[in-house]
Amino acid sequence: MKILLITQNYSPNKGGMAVSCDRLVRNFKKNGVEVHVVHFTNRKKKFKVDTVVKGTYAAVPIESSEEFTLSLASEFIQQLPCLDTLTHVGVFGGNLPLNIGPILSKWIQKPLITFIRGNDFDEGIFSKKRNQLLYALENSRYVFTVTSEKREKIDKLVSHNNTYFTQNGINTALWKPAKSHLKRIDAIKKAFNSKIPIAFVGQLKAKKGVVNFVETFAKFPHKNDFVLCLIGDVNDETKTYILNLDVNVEFYDFANQNELITFYNAVGIVAIPSYYDGMPNVLLEAAATKNIVIGANVGGIKDVISNKADGFLYNPIQSNELLDILLQVHKMTPAEKEAMSEALYQKIKTNYTEEIEITNYLNILKP
């Protein structure tokens with residue numbers, strides 16, 4: 001199998017989408033699939049193709065207009081040497097791939113794979129670009145989505161039955177702290193001054209629901225026993241607003257995996273209050289580092305968490321539900337917290353491995 005994978009989310013981009021794309025490419029190659037990545041990027045000003053292990057990497061610059069970008073990209077892509085031997089065209093996240101993918105698929109007569117993650121569907125379906133999303137979905141030989149909820153929604157929008165729920169995966173061994181992490185972990189813990197940390201990790205945009213969580217948390221009677229740790233990208237307006245709320249809060253810059261290992265192992269609770277989401281990598285990372293997860297009852301979060309058994313779920317629009325969960329967490333004994341975090345860890349370690357993830361894809365693509 002040889003896939004041309006068109007994406008806007010790939011290393012060195014930050015964020016969960018890039019992490020997931022990198023992981024899929026790596027594991028496809030590990031299983032003998034040749035992958036030729038076409039990456040729309042602002043980091044490059046010129047078209048460039050590099051030969052890499054089991055494929056190529058092509059940088060496609062993003063120009064001043066989408067139409068100009070796509071017109072140039074289509075000419076460039078159709079001249080790539082790998083086109084003659086391709087078996088599939090894949091699109092992974094972003095408006096540009098979703099626009100160009102189905103057209104190229106028809107022009108070069110290769111079946112289309114559409115990878116749906118989160119915003120590409122949740123926001124795309126209600127945007128002015130809805131038709132290009134629907135066109136891509138309708139003309140896909142395979143649609144892969146990381147939540148069962150999105151699979152059900154897509155099934156009702158297309159005329160085929162080619163939509164598959166394929167969960168994310170993680171290598172839990174890579175999230176265990178090394179000796180070199182221990183000093184930093186202890187320093188972070190001491191900085192909390194005996195307060196209980198609740199962490200938010202990633203690109204903390206509006207849809208992530210962080211402001212709503214903090215506003216609700218400000219009403220929590222035991223809020224002074226906690227400190228909220230925002231680790232990642234937060235715009236200045238949001239940061240100023242949160243700082244003016246009556247809560248204990250600390251902000252940390254966006255962290256790479258090595259730094260995240262120290263943060264995850266220094267806190268005990270991770271909150272994922274998204275209004276809508278795919279299956280966030282943060283969820284699996286928090287589980288792999290044995291944190292209690294407080295998650296919104298949406299998307300792939302509810303596919304993973306069994307409420308009150310191995311984590312907590314709440315309606316992100318109902319503030320009373322969150323306050324009730326915060327009270328339950330506050331009352332938990334250390335033994336109860338350990339049992340809950342261990343239950344989620346074992347679930348992830350057993351059922352959400354990278355091997356299971358890639359096998360799910362290959363079993364469908366290689367009938």
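Here, residue 1 is the first one in the sequence, and each next residue gets the next number.
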Query raised in the report: Passes salt bridge (charged side-chain N to carboxylate O under 4.0 Å, His left out), D233 versus K14? Steps please.
Result: CA-CA 10 Å; D233 290 340; K14 296 188 295 185; 3.5 Å; yes

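Side-chain contact annotation: E342 with Q346, donor-acceptor N/O pair under 3.5 Å present. Side-chain contact annotation: Y264 with E285, donor-acceptor N/O pair under 3.5 Å present. Side-chain atoms of E149 and Y276 include no donor-acceptor pair closer than 3.5 Å. Residues T216 and S319 have side chains that never bring a donor and an acceptor to within less than 3.5 angstrom of each other. N360 and T166 share no donor-acceptor pair across their side chains, judged by distance under 3.5 Å alone. Using modelled atom types, one finds a donor on one side chain and an acceptor on the other under 3.5 Å when comparing N281 with R23. Using a 3.5 Å distance cut-off with no hydrogens or angles, the side chains of N31 and R26 do not pair a donor with an acceptor. Side-chain contact check for N265 and H181: no donor-acceptor pair (N or O, by modelled atom type) lies under 3.5 Å. Side-chain atoms of E354 and N27 form a donor-acceptor pair, as typed in the model, at a separation below 3.5 Å. Side-chain contact, S306 with K347: a donor N or O sits under 3.5 Å from an acceptor N or O. Side chains of K106 and N139: a donor on one and an acceptor on the other come within 3.5 Å.
When each of F226, Y275, F220, F200 is checked for a ring-ring contact (aromatic ring centres under 6.0 Å, His included) with F213, only F200 meets the rule.
The distance between the ring centers of F144 and F165 does not fall below 6.0 angstrom.
Between W175 and T289 the shortest side-chain heavy-atom distance falls below 4.5 Å. Side-chain contact between L80 and F76 is present, with at least one heavy-atom pair separated by less than 4.5 Å. Between E259 and N256 there is a side-chain heavy-atom pair separated by less than 4.5 Å. Side-chain contact between C229 and F251 is absent, with no heavy atoms from C-beta onward closer than 4.5 Å. Residues I196 and V227 are not in side-chain contact: their nearest non-hydrogen atoms beyond the backbone lie 4.5 Å or more apart. In this structure the side chain of Q132 reaches within 4.5 angstrom of the side chain of N95, judged on heavy atoms.
Checked for salt-bridge contact, D277 and K208 meet the test: a charged N lies under 4.0 Å from a carboxylate O. For the pair E66 and K129, the salt-bridge criterion is met [side-chain N within less than 4.0 Å of a carboxylate O]. Looking at E336 and K331, no side-chain N of the basic residue comes within less than 4.0 Å of a carboxylate O on the acidic one, giving no salt bridge.
Cluster membership check: L283 shares its hydrophobic cluster with I170, using side-chain heavy-atom separations under 4.5 Å among Ile, Leu, Val, Met, Phe, Trp and Tyr.
The two residues N307 and F312 come nearest to each other via the heavy atoms OD1-CA, 3.4 Å. Contact record, F217 with V247: CD2-CG1, 3.7 Å, taken as the closest heavy-atom pair. Between L5 and C21 the shortest heavy-atom distance is CD2-SG, 3.9 Å. Nearest heavy-atom pair across A266 and I188 is CB-CG2, 3.6 Å. Across every non-hydrogen atom of G94 and P97, the tightest pair is O-CD, 3.3 Å. Closest approach of K302 and N297 over heavy atoms only: CB-OD1, 3.2 Å.
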For residues 54-63, tabulate all N or O donor-acceptor pairs below 3.5 Å that involve a side-chain atom, not counting sequence neighbours.
unit_1	atom_1	unit_2	atom_2	d
K54	NZ	K29	O	2.8
T56	OG1	H36	ND1	2.8
Y57	OH	H39	ND1	2.7

